[in-house]
Structures are given as structure tokens and as C-alpha cells.
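Sequential numbering from 1 along the given sequence is applied to the chain's residues.
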Amino acid sequence: MAESRNMPDPQLESVEQVADGWIKKYLLHYRLPDGRAYTYEAISRKPKDEYIAMLRGIPKGPASSQAPDAVCIVPRTEDNRLVAIKEFRYALNEWCIQFPSGLIDPGETIEQAVERELREETGYALSRDGQGRAHVNPLEQPGYSSAGLSEESVQVVYVHVENEPHLGQQTESSEYIEVFTVPVNDVPGFLAQNQLPMGTRAQLIFECFSRNVKRYGIA
């Protein structure tokens with residue numbers, strides 16, 4: 001259990017929107033515990049009213065009670081391969097290794113978002129048991145993508161998928177995504193040889209699998 005905070009909180013006094021668009025920029029005006037005024041720059045996809053409501057609400061409940069904005073999917077095939085993607089990321093002007101991910105649409109459950117994003121980005125389908133239930137295992141609470149820049153939260157979800165992508169990708173016209181798989185036992189070698197940029201979540205997840213393989217010699 002995390003220890004309680006002993007330091008006083010900076011107090012949010014006002015929020016100023018300075019740029020609009022799909023990504024919006026805000027100036028957060030704070031009063032620091034020592035009385036100084038402090039302005040912090042942040043971005044969000046949320047309109048101003050929703051963003052302020054979110055800021056005011058964060059301290060009022062545990063992280064597990066916050067609805068995530070997006071999902072990051074870690075697919076594992078029935079024959080023990082991880083399904084990952086190489087996606088061209090415009091902000092990097094480079095291909096980047098990631099796991100399938102995307103925003104949760106309004107009204108969607110986490111499970112629905114997982115199935116949709118998995119189908120759109122990879123063409124893989126979830127494995128299902130005899131009762132038609134999908135094998136979906138979300139972590140207990142979402143994490144924040146870049147807490148120094150944005151409030152976006154992401155739910156990491158581990159899933160079992162069929163061995164082959166039978167559905168076909170359904171990417172948007174501006175998305176360039178290449179799907180590949182890595183046998184779990186080969187993850188240490190993959191990490192040692194990879195030369196492409198890698199998203200932080202993908203790095204951590206691949207490293208966890210790598211350490212498991214190195215320690216136990218099994219997938």
C-alpha cells in the first residue's frame with residue numbers, strides 16, 4: 001500500500017484554453033503551497049468543461065475508479081506467440097513497435113473496444129471458450145500515458161487470440177500498420193536485435209516476458 005502524502009497539494013485556481021483542435025492545449029494556473037503562482041502547460045482531447053471536471057475529480061477517488069480513455073492490447077496466440085505491430089508514427093517520422101491500441105469509443109465497454117481495435121489493427125480474432133466467452137484479462141487499473149503532458153489513461157489488457165489473422169485489417173487511410181509475431185521464448189533475442197523505436201508500454205511488456213523466459217526458461 002502506498003504511503004499517505006505528507007506534503008500539501010498545489011491548488012488549481014483556473015484553467016485557460018489556448019489552442020483548439022483534436023488535441024487541445026491548456027494553461028493550468030496553480031497556487032503553490034508557499035504562496036507562489038505557477039502556470040503549467042498540458043494537452044488533452046477533452047473539451048474545456050470535461051477537462052476541468054476531470055481535473056477536479058482526480059483526487060476524489062482511487063485510480064481504479066477512473067474510466068480509461070484507451071486500451072493497449074497484448075495478444076497472445078494459442079501457439080504462444082505475441083502479436084505486435086510496427087506503425088508509422090508521424091510525430092517521430094519513423095516506424096515504431098507497439099502493441100495494438102486505441103481510444104475507447106463513447107458507450108463502448110473495455111471488452112468491446114479491445115475486440116474492435118484488435119480487429120481493425122491486426123485482423124486477429126479473440127479466442128473463445130465453449131460458451132463463446134472471450135479470454136480478456138485487464139489489469140486492475142489503468143495507467144497514464146504521459147502524466148507530465150496529458151491526463152490520457154490507458155487500460156492494458158491481456159488477451160488470447162486465434163493463431164492466424166482471419167478477419168483482415170480495417171485501418172484508416174492514414175494508418176500504416178504492419179503486424180508481426182514473436183514467439184514468447186524468442187522475446188530476449190528480439191529485444192537484443194531490434195533497431196526500431198519502441199513505445200514505452202511495449203518496452204515494459206516485452207521486458208517482462210523476456211525476464212520470465214530468462215528466469216524460468218519457459219514461456
Side-chain angles (χ1 to χ4, degrees), residues 9-32 37-61 63-74 84-122 138-139 141-157 169-179 196-205:
D9 292 344
Q11 297 299 308
L12 179 64
E13 295 188 329
S14 64
V15 176
E16 177 185 358
Q17 184 173 349
V18 294
D20 203 357
W22 190 60
I23 298 294
K24 309 173 198 313
K25 181 178 178 180
Y26 296 100
L27 299 181
L28 312 182
H29 300 292
Y30 278 89
R31 183 67 57 184
L32 299 182
Y38 180 68
T39 298
Y40 193 88
E41 300 180 20
I43 62 172
S44 175
R45 295 186 183 92
K46 293 180 175 65
K48 185 176 180 180
D49 289 348
E50 290 183 22
Y51 185 59
I52 292 174
M54 183 283 310
L55 289 174
R56 300 293 187 189
I58 276 184
K60 297 179 180 178
S64 58
S65 70
Q66 307 294 329
D69 299 302
V71 289
C72 172
I73 308 156
V74 186
I85 62 174
K86 300 173 186 176
E87 181 172 3
F88 187 84
R89 285 303 196 180
Y90 294 95
L92 300 179
N93 192 34
E94 178 62 283
W95 292 82
C96 184
I97 291 175
Q98 305 171 186
F99 284 103
S101 59
L103 294 172
I104 299 173
D105 287 343
E108 272 190 327
T109 64
I110 290 175
E111 290 76 13
Q112 289 169 336
V114 164
E115 193 154 17
R116 176 182 55 77
E117 287 290 348
L118 184 67
R119 179 181 67 251
E120 291 176 355
E121 294 197 354
T122 71
L139 297 183
Q141 66 182 53
Y144 289 91
S145 295
S146 180
L149 183 66
S150 170
E151 91 299 352
E152 181 186 73
S153 61
V154 179
Q155 181 75 60
V156 177
V157 182
Q169 286 176 282
Q170 300 174 21
T171 56
E172 297 181 7
S173 61
S174 60
E175 288 183 315
Y176 296 90
I177 296 175
E178 179 180 322
V179 183
L196 286 176
M198 189 177 296
T200 300
R201 283 188 300 274
Q203 279 185 318
L204 294 174
I205 292 165

Closest non-hydrogen atom pair between Cys96 and Gly199, with its separation: SG-N, 3.6 Å
Side-chain heavy atoms of Val15 within contact of His29, under 4.5 Å: no
Side chain Lys46, main chain Ala53, donor-acceptor under 3.5 Å: no
Distance in Å, Leu55 CG paired with Lys48 NZ, rounded so as to fall on 0.5 Å steps: 11.5 Å
Non-hydrogen atoms of Gln112 and Gly107 that approach each other most closely: OE1-O, 3.9 Å
Ser44 side chain vs Lys24 backbone, donor-acceptor pair below 3.5 Å: no
Separation between CD of Glu41 and CG of Leu28, rounded to the nearest 0.5 Å: 9.5 Å
CD on Gln155 to OG on Ser101, rounded to 0.5 Å: 13.0 Å
Over 12 non-hydrogen atoms of neighbours within 6.0 angstrom of CD in Glu172: no
Rounded distance (nearest 0.5 Å) linking atom CG of Leu196 with atom CD1 of Ile97: 4.5 Å
Residues Gln11, Asp9; criterion side-chain contact (heavy atoms from CB on, under 4.5 Å); working and verdict: CA-CA 6 Å; Gln11 297 299 308; Asp9 292 344; 3.8 Å; yes
Beyond-backbone contact of Leu103 with Arg45, side-chain heavy atoms, under 4.5 angstrom: yes
Heavy-atom pair of closest approach, residues Pro68 and Pro142: CB-CB, 3.9 Å
Distance (rounded to the nearest 0.5 Å) between Thr39 OG1 and Leu27 CG: 6.5 Å
Geometric class of the Tyr38/Tyr40 ring pair [parallel <30°, tilted 30-60°, perpendicular >60°]: tilted
Shortest non-hydrogen contact between Val114 and Ile73, atoms and distance: O-CD1, 3.5 Å
Arg116 side chain to Ile104 backbone, donor-acceptor under 3.5 Å: no
Side-chain touch Arg201/Ser145, heavy atoms, less than 4.5 angstrom: yes
Rounded distance [0.5 Å steps], CD in Gln98 versus CD in Glu121: 8.0 Å
Atom CG of Asp49: over 12 foreign heavy atoms under 6.0 Å: no
Taking every non-hydrogen atom, the tightest pair across Glu151 and Tyr51: OE1-CE1, 3.8 Å
Shortest non-hydrogen contact between Ile110 and Val157, atoms and distance: CG2-CG2, 4.0 Å
Worked check of side-chain contact (heavy atoms from CB on, under 4.5 Å) between Arg56 and Leu12: CA-CA 8 Å; Arg56 300 293 187 189; Leu12 179 64; 3.7 Å; yes
Parallel, tilted or perpendicular: ring planes of Trp95 versus Phe88, cut at 30 and 60 degrees: perpendicular
